[in-house]
Amino acid sequence: MGIYLNPNNVLLQRDLNSQIYIDKSMLIAELNALINTNGNFLCVSRPRRFGKSMAGNMISAYYSKGCDSRELFKDLKIAQHPSFEKYLNKLNVVKFDLNGFYMNYGNEFLQVMQEKIMRDFAREYPDVDFSHCRNFGDCMIEVYAAMGETFVIIIDEYDVLIREEAPQSLFKDYLAFLNALFKNADLSPAISLAYLTGILPIVRDKIQSKLNLFAEYSMTDAGRLTEFVGFTAEETKGLCEQYGMDYEECRRWYDGYNMKTIKEIFSPRSVVSAMQNREYNCYWTQTGSYEALKLYILMNFEGIKDDVVTMIGGGKVDVNVYKYLNTMTDFHSKDDVFTYLIHLGYLAYDSETKQCYIPNSEIREQWVISVEYEADYKPIIKLINDSKQLLEATINKDAAAVASALTESHMRATNPLTYNNEASFQSAIGLAYFYANLKYTVIKELPTGKGYADLALIPYVPNIPAMIIELKNNKSAESAINQIREKKYDDLLEHYRGRMLFVGINYDEKTKEHECEIEEIEVRS
């Protein structure tokens, strides 16, 4: 047993000892299916807070010959899988955290890392001659040649030099290290599995040729590993039941990372923090600062500010995730910026519509904070403040203030050619109420048996009313209220109890003015 070669299972034991541990051990079944195949090189990228290190600890504890982990795994799902016995503690494991080496040893990290790992080889295999080895890859070849034993390589934070924008000379040495490890025909048979983790996928213009054997599993396409990206709905529901927390509120706060095969993925660390603290709040700032977000949304690319407004308001915007080179320097368009923010977790990606969006309330708070005091975003700041005031006026049933605010919003959100267009009018109203996303679940075109309500706002914070908003053109606000009553939209919210507002809004094309009426009812059981 060594520190880096065939480590023990202490880290997995600590993870299992945690107050909350979600069983993701079936990841091992997926990896077992890839052992010694042409798909045995994986690069798994996730944002911070999404459990990359815990997964690495589990994988290492399962494969490592340096420990006996049967007792730790006996109650986990993988213990019932047919492949469980096949590789349990039967392979050599080389595991290290590249970030730790780089932060501790700077420009000398590669040399120090090689020396430490090679010392582990010398201790583990005293009868093997390593005198001619220049790196630990050479050591692996010697072990394979002498004993026929193969290796699992686990590298955490493989992309640290890209993210830290390391000096070019050091990066060149790093490329040589990767080339020697993964493009060496002599070494390849000795590697049963390679598992790299990081925040960014493989950089396309610098190291792709060094890692072109790796299959990528990222926030834009997690493929067969999707269920291991974060917490699933089923896992999160179980925690909410265990801790007596409201699941729907948990969804609003931490859900939204939808994938091709699983449409609800929750931010793991945030869910755990909420359960432990018995409080839904923004826990993102504990491991990531809004400063990181602000830096990129202030880049002066055409259309980026308009798209930020749309996404803060709960909308989605088109994005081409295939242009970004996965570096920290090559930002050429808003597509590059948004793709990078998808990998950081500040945005989510809808692979079906090819659009990005802000995934949940927790992250939306970070976006609002990021633009709140920036001069370049003064129009957005005004929009945020105006939207906040509009929401307050609606809650306070100040119909005149609502009508005035909507007239101004309509003028700002449309151009003269489309001002009287009904779709533009509806879009302007939706944008005007975008601040409501911080306190409400906003449902556009709520279906009924007799039509649709234009907007329904269901509160997820206490002491504010639900709302149903109906829009009319060239009629009257009163007719909008009557339509709400006639179609009984409130029946669709049968599980809601408390205050509810019927908000009728009419737009007069001739005067270009809005009028509003607001009626309050009490929904009782």
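The closest side-chain heavy-atom distance from D246 to W253 is not below 4.5 Å.
Taking 4.0 Å as the cut-off between side-chain N and carboxylate O, D336 and K323 do not count as a salt-bridged pair. Salt bridge status for K237 with E234: absent, with no side-chain N to carboxylate O gap under 4.0 Å. The residues E470 and R485 are annotated as not salt-bridged, no charged nitrogen and carboxylate oxygen being separated by less than 4.0 angstrom.
Among Y324, F338, F301, the single residue meeting the ring pair (Phe, Tyr, Trp, His ring centres under 6.0 Å) criterion with F331 is Y324. Each of F50, Y349, F266 was evaluated against Y257; a single residue qualifies, F50, per the ring pair (Phe, Tyr, Trp, His ring centres under 6.0 Å) test.
Closest approach of A166 to Y102, counting heavy atoms only: CB-OH, 3.6 Å. Contact record, C250 with M275: SG-CE, 4.2 Å, taken as the closest heavy-atom pair. What you find for K24 and G230 is that their closest heavy atoms are NZ-O, 2.7 Å. Listed here is the closest heavy atom pair of I202 and E216: N-OE1, 3.2 Å. The minimum heavy-atom distance linking P167 with N107 is given by the pair CG-OD1, 4.3 Å. For the residue pair N360 and I363, the shortest heavy atom distance occurs at OD1-N, 3.0 Å.
Within a 6.0 Å radius of CD in E522, more than 12 heavy atoms belonging to other residues, nucleotides or ligands are found. Annotation: N463, atom CG; neighbour count of heavy atoms from other residues, nucleotides and ligands within 6.0 Å does not exceed 12. Around NZ of K388, the count of heavy atoms belonging to other residues, nucleotides or ligands within 6.0 Å does not exceed 12.
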Subject >> Working for side chain to side chain contact (heavy atoms under 4.5 Å, CB included), residues K510 and N474 >> reply: CA-CA 8 Å; K510 293 182 179 179; N474 302 316; 5.8 Å; no
**OP:** Check the pair D15 / M58 against side chain to side chain contact (heavy atoms under 4.5 Å, CB included), numbers first and verdict last.
**Re:** CA-CA 9 Å; D15 291 337; M58 178 183 68; over 6 Å; no
**OP:** Step by step, work out the side chain to side chain contact (heavy atoms under 4.5 Å, CB included) result for M467 and L391.
**Re:** CA-CA 11 Å; M467 300 182 197; L391 182 62; 3.8 Å; yes
**OP:** Would you please test V272 and F231 for side chain to side chain contact (heavy atoms under 4.5 Å, CB included) and show each step?
**Re:** CA-CA 10 Å; V272 168; F231 289 173; 3.8 Å; yes
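Between the OG1 atom of T226 and the CG atom of N258 there is a distance of 11.0 Å, given to the nearest 0.5 Å. In this structure, the separation between CG on D255 and CD on E264 is 4.5 Å, given to the nearest 0.5 Å. Taking CG of L457 as the start and CD1 of I464 as the end, the distance is 8.5 Å to the nearest 0.5 Å. To the nearest 0.5 Å, atom CZ of residue F228 and atom CD of residue E30 are 5.5 Å apart. Between the OG atom of S60 and the OH atom of Y195 there is a distance of 12.0 Å, given to the nearest 0.5 Å. Here the OH atom belonging to Y357 is positioned 9.5 Å from the CD1 atom belonging to I342, to the nearest 0.5 angstrom.
With sequence neighbours excluded, the residues forming a salt bridge (Lys or Arg N to Asp or Glu O under 4.0 Å) with D307 are K334, listed by chain and number. Not a single salt bridge (Lys or Arg N to Asp or Glu O under 4.0 Å) links K52 to another residue, sequence neighbours left out. Remark: E164 engages no residue in a salt bridge (Lys or Arg N to Asp or Glu O under 4.0 Å) (not counting sequence neighbours).
Aromatic ring orientation, F96 versus F101: perpendicular (interplanar angle above 60°, classes split at 30° and 60°).
For the 3.5 Å distance criterion, the side chains of T511 and E513 fail to qualify, holding no donor opposite an acceptor.
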